[in-house]
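In what follows, a single structure is set out as structure tokens and then discussed.
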Amino acid sequence: MKYKIGLVGFGTVGQGFVEILAEKGAEFKEKYGMEVEVVAISDPIKGSVYAEEGLNLNKVLELKGDLSAYPNCVKGWDSIKTITATNADVIVEVTPTNIKTGEPGLTHIRAALNNNKHTITTNKGPVALAYSELAALSLAKGVNFRFEGTVMAGTPSLNVGLEALAGIGIKEIRGILNGTTNYILTNMEQGTPYSDALSEAQKLGYAEAKPDADVEGWDALAKVVILGNVVMGGNLKVEDIERQGITGLTVQDIETAKSEGKCYKLIGKVWREGNQVKGSVEPQKLNKSDLLAQVGGVRNAITFVTDELNEVTITGPGAGRRETGFAIISDLINLHRKQ
Ligand code: HSE
């Protein structure tokens, strides 16, 4: 089976996805019978290219983000034209997250689904703000809407809750859901100043476009809403969640915790309370013996508190170029398996 991808956004994640595809596309075809071609890429800064018969991905990557030099193709189509007027049958939406408006991703995803195109995104804003609307729209249109990379990048989280743990009875989910803040806290414990750790996280491609989204807890909040609504069937709104980031923590707080054999982690949590699902994001001082306390650097971790297995914890990278790019590959393979 052949899939034609229209890639909307060509930043860190989009480039990571194309890199993996360029390297492993032949293997995916052989192993899974899944042939993937990228026919269009549209980005307001890097430029836009469209070739009905598919773009040469090695050539795209050689251009190092300047698509204007790509030869012999249609150029300059904006995101909506790329979604609606190309021959792409799967739209991969990877523009930067906006947790307040969801835009431009929300408009892109609505347009893709309305045009009967399968849609994959790693963009948290639209899923946190409009999951039930978008899920209903994809169902009505008979296409897939997948977004594994919105929580913990390529480390499986949503699929685990929805598929592997289906039927188990999930009472609570808690975890380290933001890589940047975990990277900062881990480095501060080792004596690196806050601002140095933050700029390193930015350089490594972990941080959001505006780092406030990470350090004030907005990114973790979006993931809490997604987990609560998608995995626990809640009806959480962004404004329902109590949120505290890591900017109130001082070097002294971190040193004191260390001297007590403890450490601070930014913990996102969803739980059932009566008929409702509730959520919160806050720094918590954990004992070093706590599994989550042992998760350092950009790693994330998620613990499902369940009826049948008690606690199930998964840990892995929660941000990064190929780490998030891989989430799109895994969504594509799952989409393919459902055809
Ligand atoms: N800025 C996010 C993080 C990226 O640091 O976890 C992945 O959502």
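Only a predicted model underlies this, so the values are computations on that prediction, with no experimental measurement involved. Counting convention: from 1, in listed order, for ligands and their atoms alike.
With hydrogens left out, the protein atom closest to atom 5 (O) of ligand 1 is Thr180 OG1, 2.6 Å, a heavy atom.
The distance from atom CG of Leu134 to atom OG1 of Thr121, rounded to the nearest 0.5 Å, is 9.5 Å.
Each of the following atoms of ligand 1 lies closer than 4.0 Å to a heavy atom of Asp214: 1 (N), 2 (C), 3 (C), 5 (O). Close approach of ligand 1 to Gly179 (heavy-atom distance below 4.0 Å) involves ligand atoms 3 (C), 5 (O), 6 (O). Below 4.0 Å from some heavy atom of Asp219 lie the following atoms of ligand 1, by number and element: 2 (C), 3 (C), 6 (O), 8 (O). Those atoms of ligand 1 with a heavy atom of Glu208 less than 4.0 angstrom away are 1 (N), 2 (C), 4 (C), 8 (O).
Between Lys223 and ligand 1, a contact under 3.5 Å exists for at least one N or O pair. Taking distance alone, with nitrogen or oxygen atoms compared against 3.5 Å, Thr150 stays at or beyond that limit from ligand 1. In terms of polar-atom proximity, Ala207 is not counted as a contact of ligand 1, lacking any N or O under 3.5 Å from an N or O of the ligand.
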Q) Passes salt bridge (charged side-chain N to carboxylate O under 4.0 Å, His left out), Glu163 versus Arg337? Steps please. A) CA-CA 14 Å; Glu163 290 178 27; Arg337 284 181 165 155; over 6 Å; no
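Among all heavy-atom pairs drawn from Gly245 and Pro283, the shortest one is O-CG, 3.2 Å.
A donor-acceptor distance shorter than 3.5 angstrom exists from the side chain of Asn229 to the backbone of Leu236, with no hydrogens or angles considered.
A heavy-atom separation below 4.0 Å is found between Lys124 and ligand 1.
Atom CD of Glu311 has more than 12 heavy atoms from other residues, nucleotides or ligands within 6.0 Å.
At a threshold of 4.0 Å, the pair Glu323-Arg321 does not count as salt-bridged, since none of the basic side-chain nitrogens sits closer than that to a carboxylate oxygen.
Nearest to atom 7 (C) of ligand 1 by heavy atom, out of Ala222, Ala153, Gly318, is Gly318.
Separation of the Tyr3 and His336 ring centroids falls under the 6.0 Å cut-off.
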